[in-house]
Peer 1: 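Right, I'll just put the structure down here and ask away after.
Keep in mind that the numbers below use all heavy atoms, side chains included, and drop hydrogens, waters and symmetry copies.
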Amino acid sequence: MEIILKYFPDLTEEQRRQFAALYDLYIDWNAKINVISRKDIENLYEHHVLHSLGIAKVIRFRPGTSIMDLGTGGGFPGIPLAILFPDVKFHLVDSIGKKVRVATEVANAIGLKNVTFRHARAEEEKQLFDFVVSRAVMPLADLVKIIKKNISLRQQNVLPNGLICLKGGELEHEAMPFKHRTTLHSLNEDFKEEFFQTKKVVYVTV
């Protein structure tokens with residue numbers, strides 16, 4: 001939990017309470033339904049929660065913004081972002097029902113009011129959103145093709161509506177087809193831990 005406060009010191013008491021509760025909840029649920037690799041659960045705050053919050057280093061969503069988290073798994077990046085932005089609406093979608101159940105139970109346990117959930121494939125979700133966020137679920141080209149239909153034309157943030165995803169490694173090749181509308185942000189500029197050396201936030205206007 002200290003690592004969250006190190007980079008986000010201005011959290012409210014409620015946000016601190018919610019972030020602090022995540023560890024025991026995920027340990028408990030992960031023992032029943034594996035949403036985080038067993039050997040990685042100890043690194044929950046650094047590798048999962050803080051990594052999710054890396055998106056906030058690229059954009060501060062305005063109140064009323066609507067966001068779909070595609071392939072949310074156990075709730076990343078959606079749940080940490082929903083805690084950080086309580087006035088923003090998050091819709092968490094995953095094709096694996098038991099993972100959606102974990103994310104739903106965790107959100108309910110910490111009293112998150114700004115999240116909804118859906119067990120569905122990305123192609124089935126027809127609602128419109130300002131942004132789609134995702135954590136390395138598929139190659140960029142496939143992701144853009146699937147979520148184009150979900151991006152609203154109504155603009156209300158500093159950045160134009162689009163896709164924001166967390167990825168690692170060499171991305172120049174993957175981003176090439178969208179190079180005029182893609183921004184790569186290296187998280188090692190914001191977070192000093194070694195885990196973030198190769199981690200990036202990829203923003204594509206759609």
Peer 1: Supply the atom-to-atom distance Met1 CE to Leu44 CG, rounded to the nearest 0.5 angstrom.
Peer 2: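 Rounded to the nearest 0.5 Å, the CE-CG separation comes to 11.5 Å.
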Peer 1: Show, in sequence, the C-alpha distance, side-chain angles and deciding distance for Val35 and Trp29, and conclude whether the side-chain contact (heavy atoms from CB on, under 4.5 Å) test is met.
Peer 2: CA-CA 8 Å; Val35 290; Trp29 275 104; 5.9 Å; no
Peer 1: Taking C-beta and beyond as the side chain, do Tyr203 and Leu184 meet within less than 4.5 Å on heavy atoms?
Peer 2: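 No; the side chains remain at least 4.5 Å from each other.
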Peer 1: Could you check whether any side-chain heavy atom of Ile59 comes within less than 4.5 Å of a side-chain heavy atom of Val158, counting everything from C-beta outward?
Peer 2: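 The answer is no, as the side chains (C-beta and beyond) never meet within the 4.5 Å cut-off.
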Peer 1: Donor-acceptor pair, distance only, cut-off 3.5 Å: does the side chain of Thr65 make one with the backbone of Phe61?
Peer 2: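 Flag not set: sc Thr65 to bb Phe61 has no pair under 3.5 Å.
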Peer 1: Can you name the residues that form a side chain to side chain donor-acceptor pair (under 3.5 Å) with Thr12, not counting sequence neighbours?
Peer 2: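 Thr12 satisfies side chain to side chain donor-acceptor pair (under 3.5 Å) with Gln15 once adjacent residues are dropped.
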Peer 1: Is the His47 ring parallel, tilted or perpendicular to the Phe195 ring (thresholds 30°, 60°)?
Peer 2: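 If you compare the ring of His47 with that of Phe195, the planes turn out parallel.
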Peer 1: Hey, are the side chains of Asp190 and Tyr7 touching, using non-hydrogen atoms and a 4.5 Å cut-off?
Peer 2: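 Counting from C-beta outward, Asp190 and Tyr7 never come under 4.5 Å.
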Peer 1: Please answer whether the main-chain N or O of Asp87 pairs with a side-chain N or O of Asn114 as donor and acceptor at a distance below 3.5 Å.
Peer 2: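 No: the side chain of Asn114 does not pair with the backbone of Asp87.
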Peer 1: Measuring from Leu140:CG to Leu171:CG, what's the distance to the nearest 0.5 Å?
Peer 2: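 Those atoms lie 7.5 Å apart.
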Peer 1: Does a side-chain heavy-atom distance below 4.5 Å link Ile55 with Val133?
Peer 2: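 In contact.
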Peer 1: Can you find a heavy atom in the side chain of Leu159 that is under 4.5 Å from one in the side chain of Thr183?
Peer 2: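 No. Closest side-chain heavy atoms not under 4.5 Å.
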Peer 1: Can Asp130 and Gln156 be counted as having a side-chain donor-acceptor contact under 3.5 angstrom?
Peer 2: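 Yes, Gln156 and Asp130 have a side-chain donor paired with an acceptor closer than 3.5 Å.
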Peer 1: Over 60° means perpendicular and under 30° means parallel, so classify the ring planes of Tyr45 and Tyr23, tilted if in between.
Peer 2: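 The arrangement is parallel - the two ring planes meet at less than 30°.
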Peer 1: Would you say the side chain of Val206 lies within less than 4.5 Å of the side chain of Asn161, judging by non-hydrogen atoms?
Peer 2: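 Heavy-atom side-chain distance check fails, nothing below 4.5 Å.
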Peer 1: Shortest non-hydrogen contact from Leu84 to Phe19?
Peer 2: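 Scanning both residues completely, I find the closest heavy atoms to be N-CZ, 4.4 Å.
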Peer 1: Do His91 and Phe117 make the cut of ring centroids closer than 6.0 angstrom?
Peer 2: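 They do not qualify: ring centres at least 6.0 Å apart.
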Peer 1: Just checking, any donor-acceptor pair under 3.5 angstrom between side chains of His48 and Arg135?
Peer 2: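 Indeed, the side chains of His48 and Arg135 share at least one donor-acceptor pair under 3.5 Å.
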Peer 1: Looking at NZ of Lys6 and CD of Glu2, how far apart are the two atoms once the value is rounded to the nearest 0.5 Å?
Peer 2: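 Spacing of NZ (Lys6) from CD (Glu2) equals 11.0 Å.
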Peer 1: For Arg17, I'd like to know if atom CZ has over 12 heavy atoms of other residues, nucleotides or ligands within 6.0 Å.
Peer 2: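 Count over threshold, so yes.
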Peer 1: Is a side-chain N or O of Arg118 found less than 3.5 angstrom from the main chain of Glu124, in a donor-acceptor match?
Peer 2: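 Indeed, once roles are kept as given, a pair shorter than 3.5 Å links the two residues.
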Peer 1: What heavy-atom pair brings Asn150 and Glu125 nearest, and what distance separates the two atoms?
Peer 2: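 For Asn150 versus Glu125, the nearest heavy atoms are ND2-O, 2.7 Å.
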Peer 1: Counting distance only, does the side-chain N/O of His119 pair as donor-acceptor with the main-chain N or O of Ser95 below 3.5 Å?
Peer 2: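 Yes: the side chain of His119 pairs with the backbone of Ser95.
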Peer 1: Taking Thr182 for the side chain and Val204 for the main chain, is one N or O donor matched with an acceptor at less than 3.5 Å?
Peer 2: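 Checking the backbone N and O of Val204 against the side chain of Thr182, no donor-acceptor pair under 3.5 Å is found.
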Peer 1: Judged by modelled atom types alone, do Thr72 and Asp69 share a side-chain donor-acceptor pair under 3.5 Å?
Peer 2: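 Yes, side-chain donor-acceptor contact under 3.5 Å.
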Peer 1: Does Gln18 reach the main-chain N or O of Ile83 with its side chain, forming a donor-acceptor pair under 3.5 Å?
Peer 2: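 Checking the backbone N and O of Ile83 against the side chain of Gln18, no donor-acceptor pair under 3.5 Å is found.
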Peer 1: Between Gln197, Lys199, Glu193, which is the residue that forms a side-chain contact (heavy atoms from CB on, under 4.5 Å) with Asn188?
Peer 2: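 Of the listed residues Gln197, Lys199, Glu193, the side-chain contact (heavy atoms from CB on, under 4.5 Å) partner of Asn188 is Gln197.
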Peer 1: Assess whether a salt bridge exists between Lys167 and Glu174, defined as any Lys/Arg side-chain N lying under 4.0 Å from an Asp/Glu carboxylate O.
Peer 2: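 Here Lys167 pairs with Glu174 in a salt bridge, since their nearest N and O are under 4.0 Å apart.
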Peer 1: Is the shortest heavy-atom distance from the side chain of Phe131 to the side chain of Leu163 under 4.5 Å?
Peer 2: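 Not touching, per the 4.5 Å side-chain cut-off.
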Peer 1: Can you name the closest pair of heavy atoms from Ala120 and Val93 and give their distance?
Peer 2: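 Here Ala120 and Val93 meet closest at O-CG1, 3.5 Å.
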Peer 1: Heavy atoms only: give me the nearest Val115-Ala107 pair and the separation to one decimal.
Peer 2: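 Minimum heavy-atom separation between Val115 and Ala107: CG2-CB, 3.8 Å.
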Peer 1: Can the ring centres of Phe90 and Phe129 be said to be less than 6.0 Å apart?
Peer 2: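 No, the ring of Phe90 stays outside the 6.0 Å limit from the ring of Phe129, centre to centre.
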Peer 1: Would you indicate whether Lys126, at its atom NZ, is surrounded by more than 12 heavy atoms from other residues, nucleotides or ligands within a distance under 6.0 Å?
Peer 2: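 Enclosed: over 12 neighbouring heavy atoms sit under 6.0 Å from NZ of Lys126.
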Peer 1: For Asp94, check side chain to side chain donor-acceptor pair (under 3.5 Å) against everything at least two apart and list the hits.
Peer 2: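 Asp94: no side chain to side chain donor-acceptor pair (under 3.5 Å) contacts found.
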Peer 1: Run the side-chain contact (heavy atoms from CB on, under 4.5 Å) check on Glu46 and His51 step by step: do they pass?
Peer 2: CA-CA 7 Å; Glu46 184 180 324; His51 189 208; over 6 Å; no
Peer 1: Are the side chain of Ser152 and the backbone N or O of Arg154 linked by a donor-acceptor pair below 3.5 Å?
Peer 2: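 Checked: pair present.
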Peer 1: Roughly how far apart are Lys99 NZ and Thr104 OG1, rounded to 0.5 Å?
Peer 2: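 Interatomic distance, Lys99 NZ to Thr104 OG1, rounded to 0.5 Å: 14.0 Å.
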Peer 1: Any side-chain heavy-atom pair from Ile164 and Val202 closer than 4.5 angstrom?
Peer 2: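 Counting from C-beta outward, Ile164 and Val202 never come under 4.5 Å.
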Peer 1: Can Lys192 be said to sit on top of Phe196's aromatic six-ring, NZ or CZ under 6.0 Å from centre and within 45° of the ring axis?
Peer 2: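 No cation-pi geometry.
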Peer 1: Between Lys200 and Gly169, which heavy-atom pair has the shortest distance, and what is it?
Peer 2: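 The pair with the smallest heavy-atom distance is NZ-O, 3.5 Å.
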Peer 1: Please report the shortest heavy-atom distance between Gly162 and Ile151, naming the atom on each side.
Peer 2: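 The answer is O-CD1, 3.6 Å.
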